[in-house]
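Step one of this worksheet: look at the structure below.
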Amino acid sequence: MWFRPEVLQSVNWAGNPNKPVEVDQNGDHHLSPRQSFAKWQETVKLTSLPWKACEIEAALELRSTIVGVILKKADELAKINIELARSNSELDAFAYIASHDLKEPLRGIHNYSSFLIEDYAHLLNEDGVSKLQTLVRLTRRMEDLIDSLLHFSRLGRIELLLKNNDLNEVVNGVIDILRINWKTIPVEINRPQPLPEALCDRIQINELFSNLISNSVKYNEREPRQLEIGYYQPGELFTDLQGHTQVLAPDAPRVYYIKDNGIGIKERHLDKIFRIFKRLHGPAKYGGGTGAGLTIAKKIVERHGGTIWVESIYGEGSVFYFTLASWRQGDERPII
Ligand code: ADP
């Protein structure tokens, strides 16, 4: 908009305006009177027509309009952010209070149905006993769901205790504990290189690794279950599950990953698994669960300024990636 084309123009001067100054034998400069008063014509190139006052005025007007619009947008965005932060913390508080208060009557229902089975089972027929047993099972499940919700809402309220932690030690601790539950399940864990130190909250990072590693074994029917726990440095080669290799951008944060040879996840479910209480299987299948593990993992990663995502080939295995630091705003993932 601000460029104007060249317009060739003829300018008439009363004489040559660039007439050279005369230099005498001694090197002195002299101005001499004009010898000709003939009109001197010049063609002016590489110059546009002068700006009109109305055009300059329009440009200034446009500038102030743009600045006004940008300021208004920034203002609106700031207001939305404040509102979002407020409703987020209100939601956390609501989830906390609701789940906390729901626990008490639920405990009562659970206890009374247990008493009924203990004291009156002999008065009921088989169908009646089975119904009572279902009631107990359902209250136990509801209690698990409420506990997960309570835990999830607490996560957002607890202050992070950021310290440099040796992630290798964290993972060693997590695996030692999980092995107690795995008992005879054959699990092979490959760690291509020791994990580095990272600035993080030890308890929360412990929980993050615990959720992801236990899922890799839980949603896996292979013998042995094969896991790989590693990370990519910025600037390093990065190979995805499809075998595409790219370079991790030099300004991207480290990408940690947990890879398994498990049941995999269908493409259409990839974005759903991070939602709270979203399970892709029946409540008792694959060792059960409340469907809050990945939602909690996501919250932990986001509280650390990172992002979590998954790649999977159904029937072959999955890789969960996460970072613990933020990168350029607006990027969904590190640029690779
Ligand atoms: P939970 O394990 O309690 O059901 P999660 O939030 O940890 O809840 O997981 C949600 C769902 O994501 C699981 O029900 C499962 O279907 C799927 N999932 C999670 N991790 C894996 C994995 N490593 N491989 C295949 N599916 C997985």
Side-chain angles (χ1 to χ4, degrees), residues 95 99 137-156 170-171 174-175 177-183 185-191 203-231 240-242 255-304 306-323:
S99 41
R137 207 182 56 246
L138 288 177
T139 51
R140 207 171 285 140
R141 172 134 188 88
M142 193 158 173
E143 202 169 5
D144 287 346
L145 291 175
I146 289 177
D147 282 341
S148 299
L149 188 62
L150 203 57
H151 181 53
F152 175 72
S153 68
R154 267 200 207 115
L155 267 183
V170 172
V171 170
V174 166
I175 293 173
I177 304 270
L178 287 176
R179 278 207 191 274
I180 301 172
N181 295 333
W182 293 338
K183 290 179 192 142
I185 300 173
V187 182
E188 278 178 10
I189 301 178
N190 172 28
R191 289 158 77 173
I203 295 177
Q204 295 208 359
I205 288 308
N206 202 79
E207 182 163 5
L208 171 67
F209 274 110
S210 181
N211 279 347
L212 296 179
I213 297 173
S214 65
N215 276 353
S216 304
V217 173
K218 203 165 130 185
Y219 300 104
N220 199 326
E221 292 166 326
R222 305 269 183 112
E223 300 236 343
R225 280 41 165 185
Q226 282 172 329
L227 271 57
E228 187 175 307
I229 305 171
Y231 72 102
D240 66 17
L241 262 191
Q242 265 78 25
V255 176
Y256 302 93
Y257 66 87
I258 289 141
K259 184 175 174 182
D260 65 56
N261 63 341
I263 58 170
I265 302 158
K266 286 184 184 150
E267 172 98 40
R268 66 172 193 275
H269 291 138
L270 286 181
D271 58 334
K272 292 189 194 127
I273 56 170
F274 293 99
R275 284 192 214 148
I276 194 148
F277 301 147
K278 184 72 199 171
R279 291 202 88 225
L280 302 179
H281 320 279
K285 262 201 119 187
Y286 295 106
T290 58
L294 287 179
T295 319
I296 287 172
K298 187 165 184 261
K299 181 114 174 182
I300 293 174
V301 167
E302 285 174 355
R303 284 212 70 194
H304 282 79
T307 296
I308 185 166
W309 69 100
V310 59
E311 258 184 22
S312 190
I313 299 180
Y314 188 58
E316 284 187 26
S318 316
V319 195
F320 282 82
Y321 300 95
F322 67 87
T323 62

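Just so you know, ligand 1 is whichever comes first in the structure, and atom 1 is the first atom listed for that ligand.
At least one heavy atom of Ile265 sits closer than 4.0 Å to an atom of ligand 1. Taking 4.0 Å as the cut-off, His269 does not count as a neighbour of ligand 1 on heavy-atom distance. The closest approach between a heavy atom of Gly262 and any atom of ligand 1 is not below 4.0 Å. The closest approach between a heavy atom of Phe274 and any atom of ligand 1 is not below 4.0 Å.
Heavy atoms only, all atoms of each residue included: Ser153 and Ala95 are closest at CB-CB, 3.8 Å. Taking each heavy atom of Val174 and Ser210 in turn, the nearest pair found is CG1-CA, 3.5 Å. The heavy-atom pair separating Leu241 from Lys259 by the smallest distance is CD2-CE, 4.1 Å.
Of the protein's heavy atoms, Tyr219 CD1, 3.6 Å lies nearest to atom 21 (C) of ligand 1. For atom 3 (O) of ligand 1, the closest non-hydrogen atom on the protein side is Gly291 N, 2.9 Å. In this structure, atom 7 (O) of ligand 1 lies nearest to the protein heavy atom Asn215 ND2, 2.8 Å. With hydrogens left out, the protein atom closest to atom 6 (O) of ligand 1 is Leu294 N, 2.7 Å, a heavy atom. Looking at atom 12 (O) of ligand 1, its nearest protein heavy atom turns out to be Ile273 CG2, 3.3 Å. In terms of protein heavy-atom proximity, atom 23 (N) of ligand 1 is closest to Asp260 OD2, 2.9 Å. In this structure, the protein non-hydrogen atom closest to atom 10 (C) of ligand 1 is Lys278 O, 3.3 Å. In this structure, the protein non-hydrogen atom closest to atom 16 (O) of ligand 1 is His281 NE2, 2.9 Å.
For ligand 1 and Gly289, the ligand atoms under 4.0 Å from any heavy atom of the residue are 3 (O). Within ligand 1, counting atoms from 1 as listed, the ones closer than 4.0 Å to a heavy atom of Lys218 are 1 (P), 2 (O), 3 (O). When each atom of ligand 1 is checked for a heavy atom of Gly293 under 4.0 Å away, the hits are 5 (P), 6 (O), 7 (O), 8 (O).
Residues Ile300 and Phe209 form no side-chain contact, since every pair of their non-hydrogen atoms from C-beta on lies 4.5 Å or further apart. Between Ile189 and Ile175 the shortest side-chain heavy-atom distance falls below 4.5 Å. At least one side-chain heavy atom of Ile296 sits under 4.5 Å from a side-chain heavy atom of His151. Counting heavy atoms from C-beta on, the side chains of Arg222 and Asp260 never come closer than 4.5 Å.
Seen from the ring of Tyr314, Lys266 counts as a face-on cation partner, given the 6.0 Å and 45° thresholds.
Here the straight-line distance linking atom CD1 of Ile229 with atom CD1 of Ile213 works out to 3.5 Å at 0.5 Å rounding.
Using cut-offs of 30° and 60° on the angle between ring planes, the pair Tyr286 and Tyr219 is tilted. In this pair, Phe274 and Phe320 present their aromatic rings perpendicular. The plane angle is above 60°, beyond the 30 to 60° band.
No part of Leu212 comes within 4.0 Å of ligand 1, judged by heavy-atom distances. Contact annotation for Phe320 and ligand 1: only side-chain heavy atoms (C-beta onward) come within less than 4.0 Å of the ligand.
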